[in-house]
2 protein chains.
Amino acid sequence: MATMQDVARLAQVSVSTVSYVLTGARPISQGTRAKVLAAMAQLDYQPNAMARGLASRRSRILGLLLPMDERGLGATETAFVTGAAAAASAVGYHLVLSPVGGGGDLDGLRRLASQRMFDGVVLMEVQLADERVGALQQAGVPLVLIGRTGDTAGLSYVDIDFEQTVREAVAYLVGLGHRQIVYVNHSAETLASGYGPALRTRDAFVTAMTGHGLEPVMIPAQDSAAGGRAALAAAITRTPGLTAVLAMNETAVFGILGELTGRGLAVPDDVSVVSMVTSPQVAELATPALTAMTSPGSALGRIAVEALVRHLDGAGDERHQQLLPCALEIRGSTAAPRSRHPDGG
Amino acid sequence: MATMQDVARLAQVSVSTVSYVLTGARPISQGTRAKVLAAMAQLDYQPNAMARGLASRRSRILGLLLPMDERGLGATETAFVTGAAAAASAVGYHLVLSPVGGGGDLDGLRRLASQRMFDGVVLMEVQLADERVGALQQAGVPLVLIGRTGDTAGLSYVDIDFEQTVREAVAYLVGLGHRQIVYVNHSAETLASGYGPALRTRDAFVTAMTGHGLEPVMIPAQDSAAGGRAALAAAITRTPGLTAVLAMNETAVFGILGELTGRGLAVPDDVSVVSMVTSPQVAELATPALTAMTSPGSALGRIAVEALVRHLDGAGDERHQQLLPCALEIRGSTAAPRSRHPDGG
DNA sequence: CTGAAAGCGCTAACAG
DNA sequence: CTGTTAGCGCTTTCAG
């Protein structure tokens, strides 16, 4: 493994000159640069990452912190991760996937931060009240969130625009003629834990429905097909005349579809289903394919990393706060309501 | 940020003593250790990862190399990744997610290897003839594959036991009374590219069916729901009396289900479906839930990392070669064939 | 435009 | 059982 010394010797220049042609931190004459480059090529030189990191105090490594408990990552979260990794790689950074304990392990976080392995950190699965944010800030680690806390003052984040997403989905269904729309959310425990997407969509649903002069009916569901079946059963009991379901639960929506079909209700003829914050791949799996609000997926991860790197490399203390819309993609699970009830149309 | 110097000064010992209580590389007396530990605690000391890496020539960072093109990671691959990350974290390593160009970018790989950022590397999505393996070996990077090449001499790998998986799935269907079993594989292009799982299961299917005295009928499918629909249509044309489908294509299987239902064929009463190398979460999404050969998922990633770390920390040149079985999990998509054809039983 | 040299914070001989 | 010290390979002043 050739070192910078070797290159310098071969090119007959000093090590600092080699360093400067590499970093471009000061002007180098054409001739010198050429000599150095030739020597590097000849020796197949690659700078040592650790040495560079130690001397420059920048590891060029980013951490992607995500709680890994439960049932692994969903398609949407996976897209965040791959998007972030690709973006980091594109700008010459490395991305460490760092599974951190779901909640209590703040000390572990602080320890991680103090090791100075990460120049900055992207935090996923942020709760509305998330102590990790404070811990990280206190440790002085540049930080970008995917998702956001309740109070976002002074924070950088990228998140989905849940308000817009719900508004658009509801408007679409209402435009089709639906009036009895039931919203299936995550479980009560998830809500209670302060899971932002669940909370924000819930509030947005109330606002949107009320705005249309309609009653917002909401049912929680466990994150499973069985949870979806149960939720649909509950929904029909509560609102027998429902003609549309708005699902904020990528997993439960499959159970909803199954239960609907099992009860002899056709999708979309009897009941329309819109799945929110869903990846196209997942939407395509269902029969019929799901009309969905497509999550920005890898774009979120990419933007988070780009904002972080800009902050590290660049000017200064720019906060980056951005909400990305979900796009309505109409597939086979929605239609105008059949006038089953004479009073319904 | 306190350094080791600070700790040494406060504890009134030399830096090397501090280093040795940290690494345990040589015995330290109770009293001294206690003093050092106290000083570390008081200063909230954390060793600097870059400095440690440079001096010890071990970064404690592992690379997870995966080609990221196409449509992101499936559930099974995601499980590999999360399993690997969790395992690395558990043994004090970091795991970098490194998206490398699908095929031709061997130079990029070599460059990566020469930067000495990774102590070792886990390579995913290995083809039967994969030049990356040779390049990495030549670069002297300790290497474990998830999947395997055609010639595995001298390599460490963890892979799914496709032969066993197919054998067991076929035996299960034959045991139920099925005789006309069609195997739906990945696309012809995927086969042609040397994708191991597709090739190995294909061969295993021929062997298994022939062993039962049955004819092995195989149909390729694009990796999409539409691909599955088309494949099923082709299968029925070719084998009108088919009573079971063995699907080696997590995505296409949803299309198969949809097309079956669309043609008025009930699952499992008219046609049984077994999905191979599938995650439970995905199997549960289908209606009916899929009987599947469940992929070892995160275990593969975990074992790969553990083998790699054992090689790095440990004794020496132990190759680790291991095949993991998929477990048959019976759900709602399989049953004994209805005797539609008098000659069928 | 280029060189010399002082570290970055730690590990691992070597010496006791 | 502990201390001294020479690096690891690079970046970045400080000098010219």
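No hydrogens, no waters, no symmetry mates; every other heavy atom, side chains included, goes into these values. Convention: sequence-line order gives letters A, B, ...; per-chain numbering from 1.
If you check every strand for non-hydrogen atoms under 4.0 Å, A:Val18 touches nothing.
Put simply, chain B comes within 4.0 Å of DNA chain D, heavy atom to any atom, from D:dC1 to D:dG9, going 5' to 3'.
At the phosphate of C:dG9, neither OP1 nor OP2 sits under 4.0 Å from any side-chain N or O atom of B:Thr3. Within the structure, every side-chain polar atom (N or O) of A:Ser16 is placed at least 4.0 Å from both OP1 and OP2 of C:dT2. For B:Tyr20, no side-chain nitrogen or oxygen approaches OP1 or OP2 of C:dA13 to under 4.0 Å.
A straight line from CE of B:Met4 to C1' of C:dG7 spans 17 Å, rounded to a whole angstrom. Residue A:Arg116 contributes atom CZ, which lies 13 Å from atom C1' of C:dC8 at whole-angstrom precision. Between B:Leu22 atom CG and C:dC10 atom P there is a gap of 9 Å when expressed in whole angstrom units.
In the region residues 46-60 of chain A, proximity to DNA chain C at under 4.0 angstrom, judged on heavy atoms, holds for A:Leu54, A:Ala55, A:Arg57.
A salt bridge does not link A:Arg148 to A:Asp130: none of the charged nitrogens lies less than 4.0 Å from a carboxylate oxygen. Contact check on B:Asp313 versus B:Arg58 returns a salt bridge, with a Lys/Arg side-chain nitrogen under 4.0 Å from an Asp/Glu carboxylate oxygen.
Nearer the 5' end of DNA chain D, as judged by each residue's closest nucleotide, is the contact made by B:Ser14, out of A:Tyr45 and B:Ser14.
For A:His94 and B:Phe118, the gap between ring centers is short of 6.0 Å.
When distances are taken from the side chain of A:Thr32 to each of C:dT2, C:dC14, C:dC10, the shortest belongs to C:dT2.
From B:Gln137, atom CD reaches atom CG of B:Leu155 across 5.0 Å, with rounding to the nearest 0.5 Å.
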Give the intermediate values and the outcome of side chain to side chain contact (heavy atoms under 4.5 Å, CB included) for residues B:Leu112 and B:Ser98. CA-CA 10 Å; B:Leu112 239 193; B:Ser98 205; 3.6 Å; yes

Given B:Thr190 and B:Ser193, is the side chain to side chain donor-acceptor pair (under 3.5 Å) satisfied, shown in steps? CA-CA 5 Å; B:Thr190 304; B:Ser193 78; 5.6 Å; no

Just do the side chain to side chain donor-acceptor pair (under 3.5 Å) check on A:Ser16 and A:Ser19 with the steps written out, would you? CA-CA 5 Å; A:Ser16 61; A:Ser19 174; over 6 Å; no

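Under the rule for a salt bridge (charged side-chain N to carboxylate O under 4.0 Å, His left out), the partners of A:Arg9 that lie at least two apart in sequence or sit in another chain are A:Asp6.
More than 12 heavy-atom neighbours from other residues, nucleotides or ligands sit within 6.0 angstrom of CD on B:Gln322.
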